[in-house]
Asker: 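Before anything else, here's the structure in question.
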Amino acid sequence: MSFDNVFHFDLTGADCLIVGGGKVAFRKAGSLIAGDARVTVVAPKLAADFTRLPEEGYDWIAREFLPSDLADRQFVFAATDDRALNKTIAQACRDNRIPVNVADSRSNSTFIVPAVLQKGDLTVSVATNGKNPGYSRALKSYLDDVLDDRLLEALAVWSDVRETVKVRVPDQSERERILRSVQLVELVAALENESKDNVYRKVIKCLLL
Ligand SMILES: C[C@@]1(CC(=O)O)c2cc3[nH]c(cc4nc(cc5[nH]c(cc(n2)[C@H]1CCC(=O)O)[C@@](C)(CC(=O)O)[C@@H]5CCC(=O)O)C(CC(=O)O)=C4CCC(=O)O)c(CCC(=O)O)c3CC(=O)O
Ligand SMILES: NC(=O)C1=CN([C@@H]2O[C@H](COP(=O)(O)OP(=O)(O)OC[C@H]3O[C@@H](n4cnc5c(N)ncnc54)[C@H](O)[C@@H]3O)[C@@H](O)[C@H]2O)C=CC1
């Protein structure tokens, strides 16, 4: 078992169930709501943290979990403090081919949640194959400190260049050859001294003339 396949999902409108209303459920709910998922939380009680989430961001079913809660869910998060129940939920999800994340067991999970650093269009996700979430959190924070704004500007310039090349170069293999010649290190160095617009113009001139 290894969690080394990574997909970046668009969760807009996805029907997600979180079982449990503690601090782990709160953290998972926060990122799902930020991703515009349809979030349902089933738990007899919610931790005070939940008042920090927008009320309209999730539905709360104020009772213990019932197997029927799994119907039509696209993603399930088993985040109760009851290990046996989390395991039962995981098995039911596997039986129904619903992807499931289990807060207290990587081996019962079919997917795990990484630490995510989000800056504009750039997403950096860090995971440790489920072995050390504290390390994932720490590395995310480290990368947040060292990730220079120039790298984000370089992404913006490179994306604009790519759009232009897509319009101007009809041949796919030629487009690929041109775009592969863009050098990130050179872009970052150029952005030290010049505006994004200037760097964009120079790159286009250099690539397409
Ligand atoms: C397998 C996984 C399943 C999953 O939840 O998806 C999992 C499992 C477990 N976590 C445990 C503990 C803690 N988890 C955190 C925090 C985070 N945990 C997250 C992910 C994952 N946790 C997945 C692996 C990701 C990877 O591969 O690295 C993060 C990255 C994402 C998120 O949850 O949103 C988020 C940081 C987000 C951020 O800050 O950005 C902290 C708090 C902290 O460090 O501050 C602690 C306490 C300190 C410690 O134990 O280290 C325990 C033991 C529980 C116990 O002792 O009973 C288990 C169960 C086990 O180990 O079996
Ligand atoms: N994956 C992760 O990132 C982490 C996982 N954990 C693990 O996750 C578990 C949950 O952690 P916390 O949120 O801190 O616990 P918590 O004790 O704050 O919350 C547990 C929640 O489960 C609910 N619950 C209990 N039985 C239920 C049932 N039958 N139906 C519905 N809801 C039920 C409770 O009402 C409560 O809201 C812990 O047992 C721990 O092992 C802990 C820290 C981080």
Side-chain angles (χ1 to χ4, degrees), residues 1-11 14-37 39-55 57-94 96 98-120 122-147:
M1 177 189 51
S2 68
F3 294 95
D4 46 13
N5 276 293
V6 179
F7 307 101
H8 292 260
F9 280 101
D10 174 9
L11 289 180
D15 201 333
C16 299
L17 178 74
I18 301 174
V19 188
K23 83 174 161 18
V24 174
F26 160 75
R27 198 171 57 234
K28 300 317 195 219
S31 52
L32 292 173
I33 292 168
D36 289 328
V39 178
T40 304
V41 179
V42 58
K45 274 197 238 155
L46 292 187
D49 283 342
F50 272 83
T51 54
R52 284 155 48 199
L53 296 175
E55 236 175 84
Y58 65 97
D59 292 324
W60 175 29
I61 305 177
R63 57 157 169 74
E64 294 203 339
F65 168 81
L66 294 174
S68 57
D69 293 328
L70 298 180
D72 298 324
R73 304 301 177 184
Q74 287 167 270
F75 296 92
V76 169
F77 298 77
T80 78
D81 52 359
D82 179 340
R83 287 190 88 83
L85 174 62
N86 289 345
K87 193 174 175 188
T88 304
I89 294 168
Q91 192 54 53
C93 288
R94 283 170 180 268
N96 290 288
I98 305 168
V100 63
N101 174 265
V102 187
D104 59 12
S105 167
R106 78 191 258 281
S107 57
N108 289 334
S109 300
T110 59
F111 71 96
I112 58 173
V113 181
V116 178
L117 174 60
Q118 185 76 55
K119 294 203 172 206
L122 185 67
T123 307
V124 180
S125 80
V126 184
T128 57
N129 198 17
K131 303 274 176 69
N132 194 337
Y135 177 93
S136 298
R137 186 173 69 95
L139 182 57
K140 175 191 83 170
S141 161
Y142 175 81
L143 292 174
D144 194 13
D145 289 343
V146 300
L147 203 77

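Just follow the structure's listing: the first ligand is 1, and inside any ligand the first atom is 1. All values reported here derive from a predicted model rather than from experimental measurement.
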Asker: Answer with side chain, backbone, both or neither: which part of R137 has a heavy atom less than 4.0 angstrom from an atom of ligand 2?
Answerer: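 The answer is neither.
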Asker: For A43, is at least one N or O under 3.5 Å away from an N or O on ligand 2?
Answerer: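 So ligand 2 has no N or O lying under 3.5 Å from an N or O of A43.
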Asker: Distance check, rounded to the nearest 0.5 Å: T123 atom OG1 versus L117 atom CG?
Answerer: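 Answer rounded to 0.5 Å: 8.5 Å.
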Asker: Hey, what do you get for OG (S105) to CD1 (I112), rounding to the nearest 0.5 Å?
Answerer: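 Here the rounded value is 11.5 Å.
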Asker: Which residue and atom name correspond to the protein heavy atom nearest atom 10 (N) of ligand 1, and how close is it?
Answerer: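 Ranked first by proximity to atom 10 (N) of ligand 1 is P133 CG, 3.4 Å.
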Asker: Among all protein non-hydrogen atoms, which one is nearest to atom 35 (O) of ligand 2, and what is the separation to 0.1 Å?
Answerer: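 Going by distance alone, atom 35 (O) of ligand 2 is nearest to P44 CD, 3.7 Å.
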Asker: Short list, please: which atoms of ligand 1 are under 4.0 Å from a heavy atom of G134?
Answerer: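 Once the distances to G134 are compared, the set is 44 (O), 51 (O).
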Asker: What is the nearest protein non-hydrogen atom to atom 10 (C) of ligand 2, stated with its residue, atom name and distance?
Answerer: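 Scanning the protein heavy atoms, the shortest distance from atom 10 (C) of ligand 2 goes to T80 O, 3.6 Å.
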Asker: How far does CZ of R73 sit from SG of C16, to the nearest 0.5 angstrom?
Answerer: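 Answer for the CZ-SG pair, R73 versus C16, is 9.0 Å.
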Asker: I need the nearest protein heavy-atom contact for atom 4 (C) of ligand 2: residue, atom name and distance, please.
Answerer: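 Looking at atom 4 (C) of ligand 2, the protein heavy atom closest to it is V24 CG2, 3.5 Å.
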Asker: Among protein heavy atoms, which lies nearest atom 45 (O) of ligand 1, and at what distance?
Answerer: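 Here the closest protein heavy atom is R137 NE, 2.8 Å.
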Asker: Please write down residue, atom name and distance for the protein heavy atom closest to atom 29 (C) of ligand 1.
Answerer: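 Nearest neighbour among protein heavy atoms for atom 29 (C) of ligand 1, to 0.1 Å: V113 O, 4.0 Å.
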Asker: Please report which non-hydrogen protein atom sits nearest to atom 5 (O) of ligand 1, along with the residue it belongs to and the distance in Å to one decimal place.
Answerer: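 Looking at atom 5 (O) of ligand 1, the protein heavy atom closest to it is K28 NZ, 2.6 Å.
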Asker: Please identify which of these residues, D145, D144, L139, meets the side-chain contact (heavy atoms from CB on, under 4.5 Å) condition with Y142.
Answerer: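 Of the listed options, the one satisfying the test is L139.
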Asker: Nearest 0.5 Å, please: how far is CE in M1 from OG1 in T110?
Answerer: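 Interatomic distance, T110 OG1 to M1 CE, rounded to 0.5 Å: 11.5 Å.
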Asker: Protein heavy atoms: any of them under 4.0 Å from atom 38 (C) of ligand 1?
Answerer: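 So atom 38 (C) of ligand 1 has protein heavy-atom neighbours under 4.0 Å.
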Asker: What do you reckon, does S105 have a nitrogen or oxygen under 3.5 Å from a nitrogen or oxygen of ligand 1?
Answerer: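 The answer is no, given that S105 and ligand 1 share no N or O pair closer than 3.5 Å.
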Asker: Could you grab the distance from atom CG of N108 to atom CG of N86, nearest 0.5 Å is fine?
Answerer: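 Output value for this atom pair is 8.5 Å.
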Asker: If you scan the protein for heavy atoms around atom 55 (C) of ligand 1, do you find one that is closer than 4.0 Å?
Answerer: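 Not a single protein heavy atom is under 4.0 Å away.
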Asker: So which bit of R27 gets within less than 4.0 Å of ligand 2, heavy atoms only: side chain, backbone, both or neither?
Answerer: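 Just the side chain.
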Asker: Salt bridge (charged side-chain N to carboxylate O under 4.0 Å, His left out) between K23 and D81: does it pass, once the steps are laid out?
Answerer: CA-CA 10 Å; K23 83 174 161 18; D81 52 359; over 6 Å; no
Asker: May I ask you to identify the nearest protein heavy atom to atom 5 (C) of ligand 2, giving residue, atom name and distance to one decimal place in Å?
Answerer: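 Ranked first by proximity to atom 5 (C) of ligand 2 is A103 O, 3.2 Å.
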Asker: At what distance is the nearest protein heavy atom to atom 24 (C) of ligand 1, and which residue and atom is it?
Answerer: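 For atom 24 (C) of ligand 1, the nearest protein heavy atom is G130 CA, 3.7 Å.
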Asker: Select one of side chain, backbone, both or neither to describe which atoms of N101 lie under 4.0 Å from any atom of ligand 1, heavy atoms only.
Answerer: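 The part of N101 near ligand 1 is the side chain, not the backbone.
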Asker: Can you list the ligand 1 atoms lying under 4.0 Å from a non-hydrogen atom of K140?
Answerer: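 So the answer, numbered in order with elements, is 38 (C), 39 (O), 40 (O).
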Asker: Could you find the nearest protein heavy atom to atom 37 (O) of ligand 2 and give me its residue, atom name and distance?
Answerer: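 Protein heavy atom with the smallest distance to atom 37 (O) of ligand 2: G21 N, 2.9 Å.
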Asker: Is the closest N or O pair between V19 and ligand 2 shorter than 3.5 Å?
Answerer: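 No, there is no polar N/O contact under 3.5 Å.
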Asker: Heavy atom under 4.0 Å from ligand 2: found in L46's side chain, backbone, both, or neither?
Answerer: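 No part of L46 comes within reach of ligand 2.
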Asker: Would a search of protein heavy atoms around atom 62 (O) of ligand 1 find one under 4.0 Å away?
Answerer: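 Yes, because at least one protein heavy atom sits under 4.0 Å from atom 62 (O) of ligand 1.
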Asker: Can you confirm whether the side chains of T80 and D82 place a donor and an acceptor under 3.5 Å from each other?
Answerer: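 On atom types as modelled, these side chains do not qualify, holding no pair under 3.5 Å.
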Asker: Please state which protein non-hydrogen atom is closest to atom 16 (P) of ligand 2 and give its distance, to 0.1 Å?
Answerer: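 Its nearest protein heavy-atom neighbour is G22 CA, 3.9 Å.
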Asker: Does the residue A79 have a heavy-atom contact with ligand 2, meaning some pair of atoms that are separated by less than 4.0 Å?
Answerer: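 Yes, that is the case, since the closest heavy atom of the residue is under 4.0 Å from the ligand.
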Asker: In terms of residue, atom name and distance, what is the protein heavy atom nearest to atom 30 (N) of ligand 2?
Answerer: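 Going by distance alone, atom 30 (N) of ligand 2 is nearest to F65 N, 3.0 Å.
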Asker: Please indicate whether R94 has more than 12 foreign heavy atoms, meaning atoms of other residues, nucleotides or ligands, lying under 6.0 Å from its CZ.
Answerer: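 Counting neighbours around CZ of R94, more than 12 heavy atoms of other residues, nucleotides or ligands fall under 6.0 Å, so yes.
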Asker: For atom 49 (C) of ligand 1, state whether the nearest protein heavy atom is under 4.0 Å away.
Answerer: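 No, there is no protein heavy atom closer to it than 4.0 Å.
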Asker: Cut-off 3.5 Å, side chains only: do D59 and T40 have a donor facing an acceptor?
Answerer: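 D59 vs T40: no donor-acceptor pair found between side chains.
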Asker: So, for I18 and K28, which heavy atoms are closest and what is the spacing to 0.1 Å?
Answerer: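 For I18 versus K28, the nearest heavy atoms are CD1-C, 4.1 Å.
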Asker: Short list, please: which atoms of ligand 1 are under 4.0 Å from a heavy atom of A115?
Answerer: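 Near A115, meaning under 4.0 Å from one of its heavy atoms, ligand 1 has 30 (C), 40 (O).
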Asker: Report the C-alpha distance between D36 and L11 in whole Å, list the side-chain angles of each, state the deciding distance to 0.1 Å, and finish with yes or no for side chain to side chain contact (heavy atoms under 4.5 Å, CB included).
Answerer: CA-CA 6 Å; D36 289 328; L11 289 180; over 6 Å; no
Asker: Looking only at distances, please establish whether an N/O atom of ligand 1 is found under 3.5 Å from an N/O atom of T128.
Answerer: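 Yes, since at least one N or O of T128 sits under 3.5 Å from an N or O of ligand 1.
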Asker: Going by the closest heavy atom to atom 34 (C) of ligand 2, which one wins out of D81, D69, I18?
Answerer: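 Residue with the shortest heavy-atom distance to the ligand atom: D81.
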Asker: Would you say atom 33 (O) of ligand 1 touches the protein, meaning some protein heavy atom is under 4.0 Å from it?
Answerer: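 Looking at atom 33 (O) of ligand 1, one finds that a protein heavy atom does lie closer than 4.0 Å.
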Asker: Establish, yes or no, whether a centroid distance under 6.0 Å links the rings of F50 and Y58.
Answerer: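 Centroid separation for F50 and Y58: below 6.0 Å.
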Asker: Show which atoms of ligand 1 fall inside a sub-4.0 Å distance from at least one heavy-atom site of N129.
Answerer: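 Here the atoms of ligand 1 in question are 27 (O).
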Asker: Looking at atom 43 (C) of ligand 1, tell me if a protein heavy atom falls under 4.0 Å from it.
Answerer: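 Under the 4.0 Å cut-off, atom 43 (C) of ligand 1 does have protein heavy-atom neighbours.
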Asker: Using the side chain to side chain contact (heavy atoms under 4.5 Å, CB included) rule, take V6 and S125 through it: C-alpha gap first, then chi angles, then the decisive distance, then the call.
Answerer: CA-CA 9 Å; V6 179; S125 80; 4.2 Å; yes
Asker: Out of A103, S31, A79, S136, who gets a non-hydrogen atom closest to atom 8 (C) of ligand 1?
Answerer: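 Nearest option to atom 8 (C) of ligand 1, by heavy atoms: A103.
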Asker: Of F77, F9, F3, which meets ring pair (Phe, Tyr, Trp, His ring centres under 6.0 Å) against F111?
Answerer: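 Among F77, F9, F3, the one meeting ring pair (Phe, Tyr, Trp, His ring centres under 6.0 Å) with F111 is F77.
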Asker: Minimum heavy-atom separation for S2 and N129, please, with both atom names.
Answerer: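 Heavy atoms of S2 and N129 come nearest at CA-OD1, 3.4 Å.
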Asker: Between CD of E64 and NZ of K45, what distance do you get to the nearest 0.5 Å?
Answerer: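 NZ of K45 is found 11.0 Å from CD of E64.
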Asker: Just need the protein heavy atom nearest to atom 40 (C) of ligand 2, so name the residue and atom and give the distance.
Answerer: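 Ranked first by proximity to atom 40 (C) of ligand 2 is D104 CB, 4.5 Å.
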Asker: Could you tell me whether D82 and ligand 2 have an N or O pair separated by under 3.5 Å?
Answerer: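 No: no nitrogen or oxygen of D82 is under 3.5 Å from one in ligand 2.
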Asker: Starting from atom 17 (C) of ligand 1, what is the nearest protein heavy atom, named by residue and atom, and what distance separates them?
Answerer: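 Going by distance alone, atom 17 (C) of ligand 1 is nearest to R27 NH2, 3.1 Å.
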Asker: What part of P114, side chain from CB on, backbone N/CA/C/O, both or neither, has a heavy atom under 4.0 Å from ligand 1?
Answerer: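 Just the backbone.
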